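Just so we're clear, the structure is a prediction, and the values are computed from it rather than from any experiment. We number each residue from 1, following the sequence as shown.
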Amino acid sequence: MKTEAGARTMTAGGNPFLDNEVIRACLAVPADERGAPGAYKPLLDAAFAGSPVVPGFVLARAAKGGFDALAYAGLRAGAPVLKDLLGPSSQLAALGLVTEQPVADALTRAAAGQPTAQGALHPVVAAEVWLRQHTAARAAWWEEVGGRVAAA
């Protein structure tokens with residue numbers, strides 16, 4: 001990536017996909033517009049089509065590997081638990097961070113083995129589990145100890 005000053009910037013060991021400017025540009029696109037079941041890495045394709053930076057065969061591929069069957073089998077087996085986790089009791093939904101019905105629809109499609117944006121579904125599950133564990137964890141409390149702050 002080039003900064004406004006024209007200097008080359010790279011982070012994360014020279015990986016351009018982890019460059020701060022690349023991450024900011026990708027996160028500026030609303031999550032529901034970052035991809036679709038029929039388009040693999042559309043942001044990458046839009047940014048680097050015709051560029052020597054990313055080879056055409058990388059942009060043309062439709063998957064990283066053959067793990068879809070395993071992922072769908074896991075989603076099918078775990079569908080009841082996931083629907084409960086992300087249903088009416090979802091803390092993410094309560095905070096307005098996800099909308100319950102689209103998530104339920106994605107889980108239904110995944111459980112049926114239909115194309116699903118798993119790249120969007122997996123982080124929602126992880127965030128919900130994290131939020132529930134965080135909420136259930138004992139909160140730290142703070143107190144003044146001799147003019148300094150200590151955690152207990």
Side-chain angles (χ1 to χ4, degrees), residues 1 3 9-49 53-54 58-152:
M1 297 292 306
T3 63
T9 60
M10 284 290 158
T11 59
N15 185 339
F17 306 117
L18 297 179
D19 182 86
N20 285 335
E21 291 179 44
V22 171
I23 292 170
R24 280 191 204 102
C26 291
L27 292 177
V29 177
D32 62 333
E33 295 178 21
R34 291 185 200 151
Y40 188 72
K41 298 194 184 240
L43 294 179
L44 184 67
D45 187 43
F48 291 104
V53 176
V54 179
V58 172
L59 297 175
R61 71 183 185 190
K64 288 185 177 181
F67 303 107
D68 285 349
L70 292 172
Y72 281 107
L75 286 167
R76 190 168 28 261
V81 173
L82 293 172
K83 285 182 181 180
D84 183 55
L85 182 74
L86 298 171
S89 66
S90 169
Q91 291 187 18
L92 291 174
L95 293 169
L97 298 173
V98 298
T99 306
E100 185 183 336
Q101 194 56 51
V103 174
D105 293 344
L107 285 170
T108 299
R109 283 192 308 276
Q114 297 174 351
T116 308
Q118 292 184 33
L121 190 55
H122 291 169
V124 170
V125 171
E128 181 70 31
V129 169
W130 175 86
L131 186 57
R132 287 178 183 227
Q133 289 176 341
H134 176 72
T135 304
R138 184 175 147 234
W141 56 274
W142 304 90
E143 67 180 59
E144 285 287 327
V145 179
R148 59 184 170 75
V149 175

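Between the CG atom in L27 and the CG atom in N20 there is a gap of 10.5 Å [rounded to 0.5 Å].
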Open item on the list: Using side chain to side chain contact (heavy atoms under 4.5 Å, CB included), reason through L131 and L95 one step at a time and then give a plain yes or no.
Closed with: CA-CA 11 Å; L131 186 57; L95 293 169; 3.6 Å; yes
Open item on the list: Between L121 and L82, is the side chain to side chain contact (heavy atoms under 4.5 Å, CB included) condition met? List the steps.
Closed with: CA-CA 10 Å; L121 190 55; L82 293 172; over 6 Å; no
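Looking at T116, its side chain never comes within 3.5 Å of a backbone N or O of Q118 through a donor-acceptor pair. Although no hydrogens or angles enter the test, the distance criterion places no donor-acceptor pair under 3.5 Å between the side chain of Y72 and the main chain of A111.
Counting heavy atoms from C-beta outward, L59 and K41 have side chains that stay 4.5 Å or more apart. V98 has its side chain out of reach of L86: every pair of non-hydrogen atoms, C-beta onward, lies at least 4.5 Å apart.
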Donor-acceptor pairs are to be reported for all side-chain atoms of residues 100-107 against protein atoms at under 3.5 Å, with residues two or more places apart or in another chain.
{"unit_1": "Q101", "atom_1": "NE2", "unit_2": "D105", "atom_2": "OD1", "d": "2.7"}

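The ring pair (Phe, Tyr, Trp, His ring centres under 6.0 Å) contacts involving residues 98-125 comprise nothing, where partners must be two or more places apart or lie in separate chains. Applying the salt bridge (charged side-chain N to carboxylate O under 4.0 Å, His left out) definition to pairs two or more places apart or across chains, none involves residues 108-117. Residue pairs meeting the salt bridge (charged side-chain N to carboxylate O under 4.0 Å, His left out) criterion with at least one member in residues 111-127, sequence neighbours excluded, do not occur.
Scored by the side-chain hydrogen bond (donor to acceptor under 3.5 Å, both in side chains) test, Q91 finds T135 as partners (sequence neighbours excluded). Residues satisfying the salt bridge (Lys or Arg N to Asp or Glu O under 4.0 Å) criterion with R132, sequence neighbours excluded, are E128.
Closest of all the heavy-atom pairs between R34 and L43 is CG-CD1, 4.0 Å.
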